[in-house]
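Before any comments, here is the structure.
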Amino acid sequence: MLLALAVFLFSRRVQASSGTEGASFLDIPVGAGPAALGSAYSALASDAYAPVWNPGGLGLVKNYQFAAQQLSYLGSINYEFGSYVQPLGKGRALGASVQYLGSGAIAGTDIYGNPTGNFSAHYAAYSLAYGQSIGDKLSLGVTGKIINAQISDVSANAYAFDLGSMYQATTNLRLAGVLTNIGTKLTFIDQGDSLPLAFHLGAVYALKYQLTLAAEAVYPQTGLASFHTGLEWAPMAPISLRVGYRTDTLNGLSPLAGLTTGIGLNVMGCELAYAWVPLGELGNTQYFSILMKFGELGPPKRNLIHFSGVKRDPSVKEPEQPESVDQLIELMNGQDKTDLAKKAD
């Protein structure tokens with residue numbers, strides 16, 4: 001059992017925070033796109049990743065979306081994720097997600113080192129989220145979650161919720177604030193550990209030349225504050241190149257452990273994404289994820305963040321504005337009178 005605990009609590013050391021926390025797997029990023037951007041995703045999560053990253057982003061979802069991830073973490077640990085988002089009307093959406101971290105088979109031994117057979121361990125979170133727009137610029141949301149953990153035949157449960165917000169400050173700038181993992185302790189037998197409560201303050205800014213810059217500050221209840229940043233470049237419509245850096249994976253590791261990178265390929269409303277996230281001497285993690293979008297409620301609208309660079313490019317001219325309705329009616333009436341006069345002659 002000590003081996004299993006070491007394997008799972010190890011992820012807390014990777015996150016480089018101090019103090020004792022349970023369910024630290026919740027700090028492992030989900031989605032290859034968000035992971036490649038250095039986990040600076042709170043202000044970008046207006047998609048199927050919103051239930052986990054920022055439920056406030058659900059107020060901006062315009063279509064049905066599905067996301068899934070497969071991550072080979074360290075050793076034999078696998079991390080799986082699935083999410084679905086359902087619009088409920090203009091400016092409202094519901095989302096559900098599952099996160100599952102499994103150990104695979106672990107060899108057990110007694111106090112004398114004799115084998116006692118294999119056992120397994122896992123952590124899981126089941127979430128339900130709702131988000132709604134408040135006016136044209138603000139969107140708010142909440143996520144409720146059940147967290148389950150099991151090591152061999154010993155299990156524990158905890159309950160938590162997240163509060164999220166997004167604010168479209170300008171055409172190019174979006175801000176976000178998220179308070180995550182407010183809830184009960186995760187208790188094994190008589191040992192209870194607090195959840196990784198943290199406040200995230202994020203921003204995303206659309207630059208020229210199809211560049212998007214994201215930044216996020218994270219203030220955990222325990223441990224030191226950290227900074228995440230990421231840059232996405234879309235040189236052409238089907239391709240997104242991503243790079244990021246985060247400071248909360250550097251404790252005891254090389255500076256390379258903070259680097260992240262990846263690529264996304266968009267085909268017919270579906271993004272296939274890959275991310276490479278090194279952890280120094282501990283090894284590398286490789287993400288594979290898919291994000292699918294189906295249909296849209298009402299006429300399609302461009303994302304202000306991702307398309308504002310096109311609008312500002314001087315080579316792109318604004319379309320000519322049509323005549324006003326009154327002018328068109330007046331012209332039509334004048335034409336009708338002329339035709340009638342010709343017929344009378």
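These values consider heavy atoms only, across backbone and side chains, with no hydrogens, waters or symmetry-generated copies.
Annotation for Ser46 and Leu60: closest pair CB-CB, 3.9 Å, computed over non-hydrogen atoms. Considering every non-hydrogen atom in both His228 and Ser39, the closest pair reads ND1-O, 3.4 Å. In terms of heavy-atom proximity, Val52 sits nearest to Gln99 at CG2-OE1, 3.7 Å. Closest non-hydrogen pair, Met292 versus Cys270, comes out as CG-SG, 3.8 Å. The minimum heavy-atom distance between Ala275 and Ala32, with the atom names listed, is CB-O, 3.3 Å. The shortest non-hydrogen separation linking Leu58 to Ala93 is O-CB, 3.2 Å.
Taking 4.5 Å as the limit, every side-chain heavy atom of Tyr79 sits out of range of all side-chain heavy atoms of Thr285. By the 4.5 Å heavy-atom criterion applied to side chains, Pro29 and Arg246 are counted as neighbours. Side-chain contact between Ile147 and Phe25 is present, with heavy atoms from C-beta onward closer than 4.5 Å. Side-chain contact between Tyr130 and Arg92 is present, with at least one heavy-atom pair separated by less than 4.5 Å. Contact annotation: the side chain of Leu179 approaches that of Leu197 to within less than 4.5 Å [non-hydrogen atoms, C-beta and beyond]. In this structure the side chain of Pro51 reaches within 4.5 angstrom of the side chain of Val85, judged on heavy atoms. Leu37 has its side chain within reach of Leu44: a pair of non-hydrogen atoms, C-beta onward, lies under 4.5 Å apart. With a 4.5 Å cut-off on side-chain heavy atoms, Leu259 and Val243 count as touching.
Within the 3.5 Å criterion, the main-chain N or O of Ala48 finds a donor-acceptor partner in the side chain of Ser83. Remark: side-chain polar atoms of Thr247 are paired, donor with acceptor, to backbone N or O of Phe227 under 3.5 angstrom. Judged by distance alone, with hydrogens and angles left aside, the side-chain atoms of Glu216 form a donor-acceptor pair with the main-chain N or O of Tyr41 at under 3.5 Å. The closest donor-acceptor contact from the side chain of Thr260 to the backbone of Val277 lies at 3.5 Å or more, if one exists at all. Gln70 places no side-chain N or O within 3.5 Å of a backbone atom of Phe288 that could act as its donor or acceptor partner. In terms of modelled atom types and a separation under 3.5 Å, the side chain of Asp162 and the main chain of Asn54 share no donor-acceptor contact. Using modelled atom types, one side-chain atom of Ser139 and one backbone atom of Gly56 make a donor-acceptor pair closer than 3.5 Å.
Atom-to-atom distance recorded for Leu175:CG and Tyr167:OH is 8.5 Å, nearest 0.5 angstrom. If you take CG on Leu140 and CD1 on Ile134, they are separated by 5.0 Å, rounding to the nearest 0.5 Å. Here the CZ atom belonging to Phe199 is positioned 10.0 Å from the OG1 atom belonging to Thr180, to the nearest 0.5 angstrom. Annotation: the span from Tyr245 atom OH to Thr261 atom OG1 amounts to 14.0 Å, rounded to 0.5 Å. In this structure, OH in Tyr84 is found 9.5 Å from CG in Leu94, a value given to the nearest 0.5 Å. Distance check: Leu195 CG to Thr184 OG1 gives 6.0 Å after rounding to the nearest 0.5 Å.
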Chi angles and distances behind the side-chain contact (heavy atoms from CB on, under 4.5 Å) call for Asn181, Lys145: CA-CA 9 Å; Asn181 302 315; Lys145 64 184 78 173; 3.0 Å; yes
Given the rule in the side-chain contact (heavy atoms from CB on, under 4.5 Å) test, do Leu265 and Ile239 qualify, once you have shown the distances and angles that lead to the verdict? CA-CA 5 Å; Leu265 300 177; Ile239 299 176; 4.0 Å; yes
Kindly determine whether Leu71 and Ile28 satisfy side-chain contact (heavy atoms from CB on, under 4.5 Å), including the steps that lead there. CA-CA 10 Å; Leu71 167 64; Ile28 303 174; 4.3 Å; yes
With side-chain contact (heavy atoms from CB on, under 4.5 Å) as the criterion, how do Gln65 and Asn63 come out once you've worked through the C-alpha distance, each side chain's angles and the decisive distance to 0.1 Å? CA-CA 6 Å; Gln65 299 189 21; Asn63 43 25; 2.8 Å; yes
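At a threshold of 4.5 Å between side-chain heavy atoms, the hydrophobic network of Ile, Leu, Val, Met, Phe, Trp and Tyr places Val30 and Tyr123 in one connected group. Clustering ILVMFWY residues whenever any of their side-chain heavy atoms sit less than 4.5 angstrom apart, transitively, puts Val218 in a cluster other than the one holding Leu224. There is no path of hydrophobic side-chain contacts, each under 4.5 Å, that joins Tyr219 to Trp53. Hydrophobic cluster membership is shared by Phe294 and Leu272, with clusters built from Ile, Leu, Val, Met, Phe, Trp and Tyr side chains linked at under 4.5 angstrom. Note: the hydrophobic cluster containing Leu213 also contains Leu173 (ILVMFWY, side chain heavy atoms under 4.5 Å, direct or indirect links).
Between the side chains of Gln286 and Tyr274, a donor-acceptor pair is found at a separation under 3.5 Å.
Scanning for ring pair (Phe, Tyr, Trp, His ring centres under 6.0 Å) contacts around Tyr100 gives His122, with sequence neighbours left out.
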